[in-house]
Number of protein chains: 2
Amino acid sequence: MSKSTQREDHLKALYALGESQSSSWVSTTQMASHLGVKPPSVTAMVQVLAELGWAEHRPYHGARLTPTGRKLALSLVRKHRLWETFLVDRLGFGWEEVHDIAEQLEHVDSVALVERLDAYLGHPQTDPHGDPIPKADGTFHPEGEVLVLAELDPLVCCEVKAVREGSDATLSAMSAKGIALGSVLTPAQIEALPAAWLDQLMVCKTVDDGSID
Amino acid sequence: MSKSTQREDHLKALYALGESQSSSWVSTTQMASHLGVKPPSVTAMVQVLAELGWAEHRPYHGARLTPTGRKLALSLVRKHRLWETFLVDRLGFGWEEVHDIAEQLEHVDSVALVERLDAYLGHPQTDPHGDPIPKADGTFHPEGEVLVLAELDPLVCCEVKAVREGSDATLSAMSAKGIALGSVLTPAQIEALPAAWLDQLMVCKTVDDGSID
DNA sequence: CATGATTTTTAGATGCGCCTAAAAATGGTG
DNA sequence: CACCATTTTTAGGCGCATCTAAAAATCATG
């Protein structure tokens, strides 16, 4: 598929891991466990990405995307999230079923396809997990004030805005408990959730309108 | 992508070439030119397909699909044609633009995806080129009485039912001359067509209803 | 600040799909 | 029916992405 599914996968891993931590430098071991390969394989691939001008490699310290590499990674994220949106909104898949399929679809190489798909879906701003969809030029729509549920200090009512990387099983379990994008959670409900979910659920506080009047 | 895009491509070539001629035995040279590789590469791949039980290989004589191989090939054809239908009917591509994209999409491995796509498209029976779409069980809807335009002996009015493997440029040119599925051609129009097209256009005779009344 | 534990890279091998060149089989023709 | 042209397969290599094992660099700790 096009230039190489593997290169694209390494590029995406570099992007995803760089975003999820303070420094954009990512270790080869991190990438290896994320991609399910061994560290030496990552080293080799990172060196290829460096030759292509898509990443920098500081031996023994890690790798980081170049601006070019970042653009490419964003276009992959864009494709992935547009396909997920298609699978859920149009084909009726559950949000826990679409990741692996989108993983394959995102490697299809056709600019026209992505742009037509985007238009067909009505230029969606977020995917079925609530994550923002990068635009064709690599910019995002602002994400609003969301925070990880684990960091909600005084437990207050909040609305689920997005779910970060969860296994299919986790996503199914959430669905089963009635958690979806837009769900409102009360402090009591939050305390009853499995601890692991607190790091995955992104929420924003809702105003308690004292609805018992 | 799944088991191997290359194996799938060889399987499809074996199917397509076997169908297009009297004998289902296909030479490695034929496959090689169809796939754009050299004959020794095909020999090697055919031997792999034989080990998988997808094809028989009679050395120095050719290869042929087994029933299992044929089923797999039909499921690829099914996916290809469903995606082409999606691209044209839903995304608004022209029929000459979709082959290469569908070629990539058909290798995406997900039974659920194909079946949902089929339902979403309304279980179409033919693709945008007029070719029948195999059903999930590998059967076809009957194709009706179509014949190659080149064999239309007394030139009479006919309706375009399908277009066989044409280059994108050919398909564009046909569109430009107003030829689409369902177009009705008069003997005068047929005589004006480029000779090469006569082998690609599949038509059925139409009743001249003597509409000048 | 030196030494041991850990991380990372290099070295060398494997499988896959492709290639070219050479050998083997087939098939047509005198 | 033997020979030559053609087709097909075998032999041997190459590039890519991966692996394991060994070497090198970094880091953490006494």
Side-chain angles (χ1 to χ4, degrees), chain A residues 1-14 17-18 21-65 69 72-73 76 103-104 106-107 109, chain B residues 1-14 17-18 21-65 69 72-73 76 103-104 106-107 109:
Chain A
M1 205 131 286
S2 69
K3 295 306 147 39
S4 161
T5 299
Q6 279 63 37
R7 286 176 194 180
E8 292 186 349
D9 284 343
H10 281 75
L11 207 60
K12 256 202 353 169
L14 206 38
L17 295 170
Q21 59 190 21
S22 47
S23 161
S24 59
W25 289 99
V26 177
S27 79
T28 50
T29 306
Q30 263 185 300
M31 289 181 67
S33 84
H34 187 264
L35 291 164
V37 299
K38 302 293 176 182
S41 309
V42 173
T43 301
M45 187 56 82
V46 159
Q47 290 168 343
V48 170
L49 297 184
E51 277 166 28
L52 291 166
W54 297 353
E56 297 176 69
H57 182 214
R58 275 187 58 202
Y60 292 101
H61 286 87
R64 180 169 72 167
L65 290 177
L72 289 170
L76 289 169
E103 201 72 28
Q104 297 181 63
E106 78 190 2
H107 294 295
D109 182 34
Chain B
M1 206 131 282
S2 69
K3 294 306 150 38
S4 161
T5 300
Q6 279 63 36
R7 287 176 194 180
E8 292 186 349
D9 284 343
H10 282 75
L11 206 60
K12 258 203 350 171
L14 205 38
L17 294 170
Q21 61 191 20
S22 48
S23 163
S24 59
W25 288 99
V26 176
S27 78
T28 50
T29 306
Q30 262 186 299
M31 290 181 66
S33 85
H34 187 263
L35 290 163
V37 299
K38 301 294 176 179
S41 309
V42 173
T43 301
M45 186 58 80
V46 158
Q47 289 168 344
V48 170
L49 297 184
E51 278 166 28
L52 291 166
W54 297 353
E56 296 175 70
H57 183 214
R58 274 188 59 202
Y60 294 101
H61 285 88
R64 179 169 74 166
L65 290 177
L72 289 170
L76 290 168
E103 200 73 29
Q104 297 182 62
E106 79 190 2
H107 295 295
D109 182 34

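Just so it is clear: chains get the letters A, B, ... in the order the sequence lines come, proteins before strands, and each one is counted from 1.
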Quiz prompt | Contact under 4.0 Å: B/Ser41 side-chain N or O vs C/dC19 OP1/OP2 | solution =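 Yes, B/Ser41 has a side-chain N/O under 4.0 Å of OP1/OP2 on C/dC19.
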
Practice problem: Sugar-phosphate means primed atoms, P, OP1 and OP2; the rest is base. With that split, encode nucleotides 1-16 of chain C 5' to 3' as B, S or - using protein heavy atoms under 4.0 Å. | Solution: -------BBB------

Acceptor/donor pairs from residues 33-51 of chain B side chains to any protein atom, 3.5 angstrom cut, sequence neighbours excluded:
from: B/Ser33; atom 1: OG; to: B/Gln30; atom 2: O; distance (Å): 3.4
from: B/Thr43; atom 1: OG1; to: B/Pro39; atom 2: O; distance (Å): 3.3

For the pair made of [atom1] in [X] and [atom2] in [N], what is the distance, rounded to whole Å?
X	N	atom1	atom2	value
B/Lys38	D/dT6	NZ	C1'	16 Å
A/Leu11	D/dA17	CG	C1'	16 Å
A/Leu49	D/dC16	CG	P	13 Å
B/Leu35	C/dC18	CG	P	8 Å
A/Glu8	D/dA17	CD	P	11 Å

Practice problem: Please step through side-chain contact (heavy atoms from CB on, under 4.5 Å) for the pair A/Trp54 and A/Leu11, ending with a clear verdict. | Solution: CA-CA 8 Å; A/Trp54 297 353; A/Leu11 207 60; 3.9 Å; yes

Quiz item: Under 3.5 Å, side chain of B/Gln21 to main-chain N/O of B/Trp25, donor-acceptor pair present?
Solution: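 It does hold such a pair.
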
Quiz item: Got a donor-acceptor contact below 3.5 angstrom from the A/Gln104 side chain to the B/Asp109 backbone?
Solution: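 Such a contact is found between A/Gln104 side chain and B/Asp109 backbone.
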
Exercise. For B/Val26 and B/Gly18, work out which heavy atoms get closest and say how close.
Key: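 Of all heavy-atom pairs spanning B/Val26 and B/Gly18, the closest is CG2-N, 3.6 Å.
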
Exercise. Using side-chain hydrogen bond (donor to acceptor under 3.5 Å, both in side chains) as the criterion, list what pairs up with A/Glu56, not counting sequence neighbours.
Key: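 Listed in chain order: A/Arg64.
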
